[in-house]
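Worksheet: one structure, shown below.
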Amino acid sequence: GINAEYGAASYAIIALEAVEVTILAVVGLIVRCEWGLSTASMTCLQVSSVAGQFLVALRFSNVAEKFGRKPVMLAGVVGMTTFGLLSGLWSEHFWQLFLCRVLVGATIALCTPAAAIYPVEIAPISHRTMLSPVSV
């Protein structure tokens, strides 16, 4: 049913976060050569997504409580896709790529907590501990 689909989507969102970081590691080498970036610039670029996650998580960690998990997960996927595509299609300068990566991180921080909790909420009570990202 629809809940199972959202549960599967939740795990896909979490997996996409890992893929996103891996892609940047590979593409970063090409960007460094093409744009002649220094090691310091590459370091900034590598941590840009994490910086976006950190900044948004501090301030907006409860956004799913206010607007609901499904809308937040959907907005997060749209944001990750949009800013991820802009990273490759729009970025002609370092600052543009850096900004897009920060915004990708920000949208990850918005939807990942909702994506991690949603499958637990829709699962039968007997399975919730098994699905929980944090078991007690």
Side-chain angles (χ1 to χ4, degrees):
I2 192 76
N3 283 341
E5 291 169 2
Y6 274 103
S10 296
Y11 289 115
I13 289 169
I14 294 168
L16 282 175
E17 178 184 358
V19 169
E20 184 273 328
V21 171
T22 305
I23 288 172
L24 184 60
V26 173
V27 173
L29 298 172
I30 297 167
V31 169
R32 182 177 186 176
C33 292
E34 286 287 321
W35 291 355
L37 297 178
S38 67
T39 302
S41 293
M42 281 307 298
T43 301
C44 287
L45 193 57
Q46 293 291 344
V47 300
S48 60
S49 180
V50 177
Q53 290 178 34
F54 177 73
L55 294 172
V56 168
L58 285 177
R59 180 68 176 99
F60 299 103
S61 60
N62 63 348
V63 74
E65 296 296 325
K66 185 174 183 178
F67 297 105
R69 303 215 192 286
K70 289 179 190 178
V72 169
M73 286 168 32
L74 180 61
V77 169
V78 168
M80 280 190 284
T81 303
T82 301
F83 297 123
L85 286 172
L86 284 175
S87 293
L89 300 175
W90 174 68
S91 302
E92 295 181 9
H93 303 284
F94 174 79
W95 71 268
Q96 292 171 326
L97 183 57
F98 181 82
L99 176 64
C100 285
R101 303 312 306 161
V102 169
L103 292 172
V104 166
T107 56
I108 287 172
L110 284 177
C111 73
T112 301
I117 297 301
Y118 187 74
V120 177
E121 289 181 343
I122 62 172
I125 293 174
S126 60
H127 293 90
R128 288 184 180 176
T129 304
M130 180 180 64
L131 293 172
S132 177
V134 180
S135 296
V136 236

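For this chain, numbers begin at 1 and follow the sequence in order.
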query: To the nearest 0.5 Å, how far apart are CG in L29 and CG in L37?
result: 11.0 Å

- prompt: V77, L86: one ILVMFWY side-chain cluster at the under-4.5 Å cut-off?
  reply: yes

query: Rounded to the nearest 0.5 Å, what separation is found between the CD atom of Q96 and the CD atom of E92?
result: 6.0 Å

message: Is there a continuous path of hydrophobic side-chain contacts, each under 4.5 Å between heavy atoms, that joins L97 to V27?
response: yes

- prompt: If two hydrophobic side chains count as joined below 4.5 Å and joins carry through other members, does L74 share a cluster with V56?
  reply: no

- prompt: Would a hydrophobic clustering, with Ile, Leu, Val, Met, Phe, Trp and Tyr connected at side-chain separations under 4.5 Å, put V104 with W95?
  reply: yes

- prompt: Does the side chain of V72 come within less than 4.5 Å of K66's, by heavy atoms?
  reply: no

message: Any non-hydrogen side-chain atom of F94 less than 4.5 Å from a side-chain atom of C44?
response: yes

query: Closest approach of S49 and I108, non-hydrogen atoms and distance?
result: OG-CD1, 4.3 Å

field: Same cluster (ILVMFWY, side-chain, under 4.5 Å), L45 and W35
entry: yes

- prompt: CG/L110 to CE/M80 distance, rounded to the nearest 0.5 angstrom?
  reply: 9.5 Å

query: About how many Å separate CG of L99 and CH2 of W90, when rounded to the nearest 0.5 Å?
result: 5.5 Å

Which atom of S87 lies closest to which atom of C100, heavy atoms considered: OG-CB, 3.2 Å

field: No-hydrogen, no-angle side-chain donor-acceptor test under 3.5 Å, T39 and R32
entry: yes

Nearest-0.5 Å distance, CD of residue Q53 to OG of residue S48: 10.0 Å

- prompt: In Å and rounded to the nearest 0.5 Å, what is the OG to CZ distance from S91 to F98?
  reply: 12.0 Å

